[in-house]
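Inspection log for the structure reproduced underneath, given as structure tokens.
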Amino acid sequence: MRPEILFPLFASIGTLKGVGPRVAPLVEKVAGSLVRDVLFLTPQSVIRRTPVTADKVVEGEIQTLVVTIDAHIKPGRPNLPWRIRGYDGTGFVTLVFFKVYGDTLEKQNPVGEQRIVSGKVERFNGEVQIAHPDYLLPIERADEIPELEPVYPATAGLASRAIRKLANEALSRATELPEWQDPAWMAREGFPSWREALAVVHEPKSEADLAPLSRPRRRLAYDELLAHQLALAQRKAARRSHPAPKIASRSDYAQQIEADLPYRLTGAQQRALADIGGDLASGERMSRLLQGDVGAGKTVVAMLAIADAASAGRQSALMAPTEILARQHYETIAPPLEAAGLRVLLLTGRDKGKVRAEKLMALLEGTAHVAVGTHALFQEDVAYRSLGLAVIDEQHRFGVGERRRLQDKGDGVHLLAMSATPIPRTLELTVFGDLDVSRIDEKPPGRTPVATAAVPTPRIGDVVNRLKAAIRDGAQAFWICPLVSESELIDLQAAEGRAEDLRRILGDSVGLVHGKMPAADKDAVMAAFAAGKVSVLVATTVVEVGVNVPNASIMVIEQAERFGLAQLHQLRGRVGRGARESACVLLYDPPLSETAQARLDILRKTDDGFLIAEKDLELRGGGDPLGLRQSGFPAYRLADPVAHRELIAVAADDARLILARDPELKTERGEALKVLQELFDWRPGSPLGEAG
């Protein structure tokens, strides 16, 4: 039950003054559906409305003047503006209004009366003027114009000033809540109370009050981070209390498979296996994330864990987000596992009729030890005899509910999630706070370095000529088309056009894959590329190139400046997997911005995915680091995970300490923390609480 003290904040936005059926959808678009959402919509900046006289105005600045109305200059014909000329004793200022109907302006602002006016000052034909002033009021209403005005996010039909009024009303409904922060920590940091911090943010006295590192902003950020970390810690504790089958590591199956590998495992792979082995043997349900660059050897580690599960009589399921990736995993792990006597099957949405029925029966009877597939693995009619391990690749592409549905196919199923998207260490706790993390930060033997060059687009002819020569020598290449816009249609046209251009020069051995293609057609092109029948694969998105082609040694990325640093690194990781010397060409449209130049420079200097992720974070700053919000990254309202990243670890430590002392949050502070979690919707089981 939600605490009664929060009822005013969880009322509908329709209860705010002036929010009727027409305005409510606009407010919901900007903030959300609750008064709480408006309260948490903080200003983006402030406008300082400096009082000046006409002879001291600064062009381009927002300024405030007191003038006497000198004249109304009415438009001589339609489409011309209505002008009001004002005088303040030092000079004239002209107020310009477009689309004025009737004589309302003249009636409201008679000649000879004083008015206070505020807006952006410009000069036109030598005249000082303000087009559509923000304020034009009688002098007795001067106090309605703030000297420092907070600016809120606006949308069509809802101006910043209207949102400011709603935010102030929401603030008036926010009562002081019981303190959930540690008193010693608050004193050390000089934090105000929760209510005081909100008041400063919504009614700033200076630009500094809105700075991310101001005490009020840090206080509110820490509140949100603590609520989130507490939810993650609670979920982690609940998982550990759930018993799971004990699975011994280094089984005969695993040892045989490892001995037959054509290479030795890296130290990082061995450390990851030790982490996983400890989890599987603990009797508690494993929830571990295996992080590593593209091609770092995560799948081999997962395969050896699968072998251990099979040795203990437990089935495993390896789920990938696309059929292409699922098939690739199947082709990687099936031969070694089957050579050891374990049966592996591939289950996708394409399996129908008798073929599907036979596979489902093999899983139900336990004659199949491993299932590799897509979402098909957790459909209602799929049943396992003894599912003990769920391995999920590119785990951020699945929702928490989807991961759980697969785990629910067995009792106490261990979870091993894999991700090739390196997360900066400073953000790891926000994204994976409820998981134990292992990192594979060494390259496996045989991976050749990828020479990376940035080339301006006018030299694309040179790139194509060199590509032609390389293909003549038996090389294969990826050619990634630019992210032209949000329109899939425009992206598709760009890719089709590039494929046609390349076919004219290179012949028919140019393939094209894009998101609109039927799965069977896409797979056919991919298979032809993997078999060497297609020399150049043109693709529209990162997702379409999740295929392992060791012979592919060239990666060309058009308009590389439009891609994020992490994306560029992921794409580059698709080459350099075979014996050939490999190259990545970053085609860019000059001139580059300073940030784009820095991004391409970093990529040329290093291939360390984790270092690249940290640098990407530095370059991007706040907002949506690494574009991860769609990948399970928490949608914080008040915390900036970049500016406030040093608070994340503190909040995680605080959450662990709180639960160690008060597991059920029954103390006075524990009850206050329940209010905090309700306030932010960061609870185990709540939609936001699942975002980690």
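Only this structure's heavy atoms are used, side chains among them; waters, hydrogens and symmetry mates stay out.
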Flag, side chain of [X] to backbone of [Y], donor-acceptor distance under 3.5 Å:
X      : Y      : answer
Ser316 : Ala309 : no
Gln291 : Ser419 : no
Ser582 : Gly576 : yes
Arg239 : Arg285 : yes
His414 : Leu389 : no
Arg385 : Leu364 : no
Asp308 : Ser251 : yes
Glu671 : Glu668 : no
Lys409 : Gln379 : yes
Arg572 : Leu603 : yes

Provide the closest heavy-atom pair for [X] versus [Y] in the form atom of the first, atom of the second, distance.
X      : Y      : answer
Phe563 : Arg599 : O-NH1, 3.3 Å
Gly277 : Ser249 : CA-CB, 3.7 Å
Ile276 : Ala305 : CG2-CB, 4.0 Å
Ala643 : Glu646 : O-OE1, 3.6 Å
Leu226 : Ala655 : CD1-N, 4.2 Å
Val413 : Gln407 : O-NE2, 3.0 Å

| request: Let me see the working for Leu346 and Arg327 under side-chain contact (heavy atoms from CB on, under 4.5 Å), right down to the final yes or no. | output: CA-CA 7 Å; Leu346 178 68; Arg327 195 172 298 279; 3.6 Å; yes
[X]-[Y] side chain donor-acceptor pair, cut-off 3.5 Å:
X      : Y      : answer
His569 : Asp293 : yes
Asp393 : His329 : yes
Asp654 : Gln229 : no

Are the side chains of [Y] and [X] in contact, using a 4.5 Å heavy-atom criterion?
X      : Y      : result
Pro245 : Arg314 : yes
Gln256 : Asp260 : yes
Gln315 : Val370 : no
Met286 : Leu415 : no
His644 : Ile648 : no
Lys246 : Ser282 : no
Val549 : Phe529 : yes
Tyr330 : Val344 : yes

Can you tell me how far the [atom1] atom of [X] sits from the [atom2] atom of [Y], to the nearest 0.5 Å?
X      : Y      : atom1 : atom2 : result
Arg439 : Leu289 : CZ    : CG    : 9.5 Å
Leu232 : Lys236 : CG    : NZ    : 9.0 Å
Leu406 : His375 : CG    : NE2   : 10.5 Å
Leu280 : Arg288 : CG    : CZ    : 9.5 Å
Glu614 : Asp608 : CD    : CG    : 10.0 Å
Ile554 : Phe478 : CD1   : CZ    : 11.5 Å

| task | Flag this pair as yes if the NZ/CZ of Arg637 is under 6.0 angstrom from the six-membered ring centre of Phe680 and inside a 45 degree cone about the axis; otherwise no. | result | no
| field | Chi angles and distances behind the side-chain contact (heavy atoms from CB on, under 4.5 Å) call for Tyr222, Leu638 | value | CA-CA 9 Å; Tyr222 190 73; Leu638 300 173; over 6 Å; no
| What do the steps show when you test Val301 against Ile440 for side-chain contact (heavy atoms from CB on, under 4.5 Å), and what is the final call? | CA-CA 10 Å; Val301 170; Ile440 301 182; 3.9 Å; yes
| request: Report the C-alpha separation of His228 and Tyr636 in whole Å, then their side-chain angles, then the decisive distance to 0.1 Å, and conclude whether the ring-ring contact (aromatic ring centres under 6.0 Å, His included) test is met. | output: CA-CA 9 Å; His228 183 208; Tyr636 291 130; 5.5 Å; yes
If you count every heavy atom of other residues, nucleotides or ligands that lies below 6.0 Å from [X] atom [atom1], does the total exceed 12?
X      : atom1 : value
Asp411 : CG    : no
Glu338 : CD    : yes
Asp252 : CG    : no

| Steps toward side chain to side chain donor-acceptor pair (under 3.5 Å) verdict (Arg271, Ser438) | CA-CA 8 Å; Arg271 288 191 295 275; Ser438 294; over 6 Å; no
| Step-by-step side-chain contact (heavy atoms from CB on, under 4.5 Å) determination, Met319 to Val391 | CA-CA 6 Å; Met319 184 166 70; Val391 181; over 6 Å; no
| Counterpart residues, side chain to side chain donor-acceptor pair (under 3.5 Å), relative to Glu380 (two or more places apart) | none
| request: Indicate yes or no: does Lys522 engage Glu323 in a salt bridge with an N to O separation below 4.0 Å. | output: no
| field | Residue that, paired with Val382, satisfies side chain to side chain contact (heavy atoms under 4.5 Å, CB included) out of Arg356, Arg405, Lys359 | value | Arg356
Cut-off 3.5 Å, no hydrogens considered: what does the side-chain donor-acceptor table look like for residues 658-665, sequence neighbours left out?
unit_1, atom_1, unit_2, atom_2, d
Asp662, OD1, Leu665, N, 3.2
Asp662, OD1, Lys666, N, 2.8
Asp662, OD2, Lys666, N, 3.0
Asp662, OD2, Thr667, N, 3.1
Asp662, OD2, Thr667, OG1, 2.8
Glu664, OE1, Lys666, NZ, 3.1

| request: May I have the step-by-step check of side chain to side chain donor-acceptor pair (under 3.5 Å) for Gln269 and Glu442, ending in yes or no? | output: CA-CA 8 Å; Gln269 287 174 309; Glu442 294 177 52; over 6 Å; no
| said: Let's go through Asp279 and Arg240 carefully: what are the C-alpha distance in whole Å and the side-chain angles of both, what is the deciding distance for salt bridge (charged side-chain N to carboxylate O under 4.0 Å, His left out) to 0.1 Å, and is it a yes or a no? | reply: CA-CA 10 Å; Asp279 290 348; Arg240 284 182 170 161; over 6 Å; no
